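Working notes, beginning with the structure itself.
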There are 2 protein chains.
Amino acid sequence: MDERLGLRERKKRESRRRIADIASGLFIERGFDNVTIAEVAEAADVARMTVFNYFPRKEDLFLDRHADLVEDLKRAIRARETGESVVAAVRRHLHELLATQHPLSGARDGSEFFYQIVDASPALVRRTLEHTREMADALTELLETEVGPGMQAAVVANLIATAVTIVPRVAVDKLIAGQPGEQVRREQADVIDQTFDLLEGGIANYGS
Amino acid sequence: MDERLGLRERKKRESRRRIADIASGLFIERGFDNVTIAEVAEAADVARMTVFNYFPRKEDLFLDRHADLVEDLKRAIRARETGESVVAAVRRHLHELLATQHPLSGARDGSEFFYQIVDASPALVRRTLEHTREMADALTELLETEVGPGMQAAVVANLIATAVTIVPRVAVDKLIAGQPGEQVRREQADVIDQTFDLLEGGIANYGS
DNA sequence: AGCAAATAGTGTACCCGGTCTAAATTTATG
DNA sequence: CATAAATTTAGACCGGGTACACTATTTGCT
């Protein structure tokens, strides 16, 4: 940890991590909806209220990496080469996540378990929908300042957020279906490219 | 009502409608989160459990037209001319909703109140997110049978669902901002076209 | 018409997530 | 060491949602 931080701050961070880790363990073991916050609190040896102090919603105990993710995406867009389009930057970013085996790539061994827990819980699924929306809102704001105002920013932002959400899902679904991770990772680069080709080139001819 | 239906069925439908109407009245009057189901039940002169019989979630009391909407959209896609693309069919459908002043067009006088109630309630907002997802899932299934299987169907379906959700929102936001309905309606046709031009032609050059 | 089976509605008790408040404990500061 | 500030705690409370057993009504059948 950071020595410059006071005792108070250090304890807080450690507490937060411990609670989230213990909670995740319970969720993985018994499913999100079959674990109460009271149980999490007891397992973490802390008052029920303390859990809520750190995690305003129960779902946040399991999904607390989303903010970082959006930040990374925004950074990737802002840092794009001059002349490079926004979508192209996002495409590159997803390839990078895949190459580094980032959790969000969806193509990492073990990702399937995480998503299965999520899928099994309506509350968690709802929360991921909110995350996508938050991402779209953040991107809308970014694009409006980066590229210019107008209705287009919102549309583009939402399309990108949709794509970024779908792409890892494709990989996870394959893992759940039993495909070996090695193969999924190999194919996933194409999934990214096909999806973004579609986004870039448009879907005018689909189904005609 | 339909004479072929038995007394039981007729009573059920009327009960359901009455409960939803009374509930909506209360929500509009005092806001969704400030009305309890117990109050709805009392106002409708029915047991609390009965409300849950008809509406498994509280949000469904206010948002119970979504299924129809998806059906209409699916029908529009299925009924497209041979040679017409899926997106083109959806575009036409949205123009039609606008022309007939359908509630979902977003450009109808009074739509702003409805959306303001929704916006003010996190639970209602979440439910609309689920609706978008349900629409995307339904479209994915439809496209897979209509056009052919593959990952593309899911991507296209999600892009369309996103567009269909955003378009009315643009109109509503203008109404909320105080623009006269007449003007919003006039502009809305362009909003539809611009959005679908973007979808059809792709966003390859955005921000480059 | 009358009766039995379905089915809708009711009442009640319960669980759980989430909020509020006030008191107790811990850390920071001079 | 004293005191202020911030965390933690305990406990009461609220409201959505479920389970269940019971009553009332409708329906189909003879």
Side-chain angles (χ1 to χ4, degrees), chain A residues 1-20 22-24 26-27 30-64 118 120-127 130, chain B residues 1-20 22-24 26-27 30-64 118 120-127 130:
Chain A
M1 291 271 159
D2 196 327
E3 285 301 331
R4 292 167 312 180
L5 265 41
L7 172 60
R8 180 165 251 151
E9 192 63 20
R10 267 188 293 128
K11 271 200 171 178
K12 269 173 69 178
R13 298 200 183 192
E14 194 235 311
S15 225
R16 189 190 151 89
R17 265 267 62 78
R18 207 182 77 255
I19 293 173
I22 289 178
S24 293
L26 292 174
F27 296 152
R30 293 163 36 204
F32 185 79
D33 294 324
N34 302 319
V35 177
T36 71
I37 294 207
E39 289 172 324
V40 172
E42 190 178 6
D45 196 36
V46 101
R48 206 173 74 102
M49 260 307 282
T50 303
V51 177
F52 281 113
N53 277 348
Y54 288 109
F55 304 92
R57 308 255 95 91
K58 185 188 179 188
E59 299 86 72
D60 299 334
L61 282 165
F62 199 58
L63 307 170
D64 61 341
V118 175
S121 161
L124 283 176
V125 171
R126 271 194 292 271
R127 195 75 182 91
E130 287 185 295
Chain B
M1 291 272 160
D2 197 328
E3 288 299 332
R4 290 168 312 179
L5 266 40
L7 172 60
R8 179 164 247 146
E9 192 63 20
R10 267 187 293 126
K11 271 199 171 178
K12 268 175 69 178
R13 298 199 182 192
E14 195 235 310
S15 223
R16 188 190 154 89
R17 267 266 60 79
R18 207 182 79 255
I19 294 173
I22 289 178
S24 293
L26 293 175
F27 296 152
R30 295 162 35 205
F32 185 78
D33 294 324
N34 302 318
V35 177
T36 70
I37 294 207
E39 288 171 325
V40 172
E42 190 178 5
D45 196 37
V46 99
R48 204 173 75 103
M49 265 302 288
T50 304
V51 177
F52 282 113
N53 278 348
Y54 288 108
F55 303 93
R57 310 254 92 92
K58 185 189 180 190
E59 299 86 71
D60 299 335
L61 281 165
F62 199 58
L63 307 170
D64 62 339
V118 174
S121 160
L124 283 176
V125 171
R126 272 195 290 271
R127 194 78 182 89
E130 287 185 297

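Just so we're clear, the structure is a prediction, and the values are computed from it rather than from any experiment. Each chain gets a letter, A, B and so on, in the order the sequences are listed, and its residues count up from 1.
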Checklist line | base_contact_polar (dA6(D) base, Arg8(A) side chain, donor-acceptor, <3.5 Å) | finding: yes
Note to self: If we ignore hydrogens and angles and just use 3.5 Å, is the side chain of Arg30(A) paired with the main-chain N or O of Val35(A) as donor and acceptor?
What the structure shows: no
Checklist line | Arg127(A) (side chain) donor-acceptor with Asp60(A) (main chain) under 3.5 angstrom | finding: no
Next item on the list: By nearest nucleotide on DNA chain C, pick out whichever of Asp45(B) and Glu59(A) is the more 5' one.
Entry: Asp45(B)
Looking only at side-chain atoms of [X], point me to the closest of [options].
| X | options | result |
| --- | --- | --- |
| Asn53(B) | dG18(C), dC16(C), dT10(C) | dT10(C) |
| Met49(B) | dG16(D), dT18(D), dT9(D) | dT18(D) |
| Phe52(B) | dA10(D), dG11(C), dT18(D) | dT18(D) |

What is the distance, rounded to the nearest whole Å, between atom [atom1] of [X] and atom [atom2] of [N]?
| X | N | atom1 | atom2 | answer |
| --- | --- | --- | --- | --- |
| Leu61(A) | dC16(C) | CG | P | 16 Å |
| Glu42(A) | dT9(D) | CD | P | 13 Å |
| Arg126(A) | dG17(C) | CZ | C1' | 12 Å |
| Arg18(B) | dG9(C) | CZ | C1' | 12 Å |
| Asn34(B) | dG16(D) | CG | C1' | 15 Å |
| Glu9(B) | dG28(D) | CD | C1' | 16 Å |
| Lys58(B) | dG17(C) | NZ | P | 19 Å |
| Arg127(B) | dG17(D) | CZ | P | 10 Å |

Across the strands shown, which category fits [X] at heavy-atom distances under 4.0 angstrom: base, sugar-phosphate, nothing?
| X | result |
| --- | --- |
| Arg48(A) | base |
| Tyr54(B) | sugar-phosphate |
| Val35(A) | sugar-phosphate |

Notebook entry, point to check: What is the minimum heavy-atom distance between Val125(B) and Val118(B), and which atoms define it?
Noted result: CG2-O, 3.3 Å
If the cut-off is 4.0 Å, is [X] near the phosphate of [N], judged by side-chain N/O to OP1 or OP2?
| X | N | answer |
| --- | --- | --- |
| Arg57(A) | dG18(C) | yes |
| Thr36(B) | dG15(D) | no |
| Thr50(A) | dT9(D) | yes |
| Lys11(A) | dT26(C) | no |

Next item on the list: Any chance you could measure Ile19(A), atom CD1, to Glu14(A), atom CD, to the nearest 0.5 Å?
Entry: 10.0 Å
Next item on the list: On the 0 to 90° scale, with breaks at 30° and 60°, tag the Phe62(A)-Phe32(A) ring pair as parallel, tilted or perpendicular.
Entry: tilted
